[in-house]
There are 2 protein chains.
Amino acid sequence: MDLAEAHIRKAGYGGFSFRDLAAEVGIKSASVHHHFPTKASMAAAVARRYRDRFFAAVARQPNESPEDAIATYRAAFRAALDQDGRMCLFGVLGAEAGVLSPELAEEIQSFFRRCIADLSQRIGGPAAEARAFHVMATLEGGMMLASAYRSIEAFDQAAASLTT
Amino acid sequence: MDLAEAHIRKAGYGGFSFRDLAAEVGIKSASVHHHFPTKASMAAAVARRYRDRFFAAVARQPNESPEDAIATYRAAFRAALDQDGRMCLFGVLGAEAGVLSPELAEEIQSFFRRCIADLSQRIGGPAAEARAFHVMATLEGGMMLASAYRSIEAFDQAAASLTT
DNA sequence: GTCTATAATTTGATAGAC
DNA sequence: GTCTATCAAATTATAGAC
């Protein structure tokens, strides 16, 4: 699953194959099928694991200000980029959502809905939801720019103004 | 090229094949190879055409304010989304830039460099470049969110606050 | 849990006729 | 410019032995 995640984040859903994963682990592709019946089911499992890790990382802090919440999200995205220089898993999959399996498409939409709902609540106020959309778009887009530029500075420049 | 562009914007580089394109046009895949020697060369040609169309659409207006320039970019992204509900070509490809051909990777980076340079100049002032990065990230991320949500409202919410 | 073996399909690409 | 024919490789997936 670690390898599958790395491949998806680097090259999208089509960027990993059971054979490649198996070879890198040192087993055969049939053995991978023993754990995940289909490619779509494995991608969905990887997505669920990524989602759980992500929401654990952005968990609400005590006595948190709206600016703190946004900074927490930004730091989580930045850490993912800093560790391995790769895109957000859901950012990659979201871009090709049009042709993925229904199970996976639902997983993607559900991730972003949960991000927006969580951020909106923690930001509060009248324009909270619009600001939540803005924050998520900027962070995802910033990761994409950093991926294209191969430089984390692109992310930092894009996301700097999110907090006042 | 129209069909190739549609497929890439919906599903990424791996989302189109010469056979599929040929079948949709009513010819054979060998005939497509007559026009484009390789898949990478065709994708690069599609990217160049998209780039030229994009920069024509965001051309500088006379007596333009910084807010006007940003609004022009936002309108161009929104129009692409509104017409066919698909991602920005370079947004999709940028997310999977890690495994594309060098020719294509260079085309992607060059597109974003040109966007940032153009926007920076039209915005002006001390923090112009950072604001240009911010605008591009928000627009690309907003398209991705709209793609995942299958709703243009996600884009509008994300990009509303870009202009004052 | 892992293997061998294999099926069925798709893919990118080429040679050469018309 | 388009075709037929074909290749070599890769892909997803399954059956059944160990």
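Labels below follow one simple rule: chain letters A, B, ... track the order of the sequence lines, proteins then strands, and each chain is numbered from 1. All values below come from the heavy atoms of this structure, side chains included, with hydrogens, waters and symmetry mates left out. The structure presented is a predicted model; accordingly, all values stated were derived computationally and were not measured.
Look at CD1 on I27(A): it is 12 Å from P on dT4(C), rounded to the nearest Å. Straight-line distance from the CZ atom of F36(B) to the P atom of dT14(C): 16 Å, rounded to whole Å. Rounded to whole Å, atom C1' of dC3(D) lies 12 Å from atom NE2 of H35(B).
For the pair S161(A)/R131(B), no side-chain contact is recorded, criterion being any heavy-atom separation below 4.5 Å from C-beta on.
One finds no side-chain N or O of S31(B) lying less than 4.0 angstrom from the OP1 or OP2 phosphate oxygen of dG1(D). Taking 4.0 angstrom as the limit, H34(B) places a side-chain polar atom (N or O) nearer than this to OP1 or OP2 of dG1(D).
Under the side chain to side chain contact (heavy atoms under 4.5 Å, CB included) rule, L89(A) has a single partner from F54(A), Y50(A), F111(A), which is Y50(A).
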>> Across nucleotides 6-18 of chain D, 5' to 3', mark each nucleotide with B, S or - according to how protein heavy atoms within less than 4.0 Å reach it.
In response: B----BBBBB---

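Heavy-atom neighbours of E153(A) CD from other residues, nucleotides or ligands within 6.0 Å: at or below the threshold of 12. Residue E67(A) qualifies as enclosed at atom CD: its count of foreign heavy atoms under 6.0 Å is above 12.
Every salt bridge (charged side-chain N to carboxylate O under 4.0 Å, His left out) that R113(B) has, sequence neighbours left out, goes to E106(B).
Remark: K10(B) fails to qualify as a cation-pi partner of F16(B) under the 6.0 Å distance and 45° angle criteria applied to the six-membered ring.
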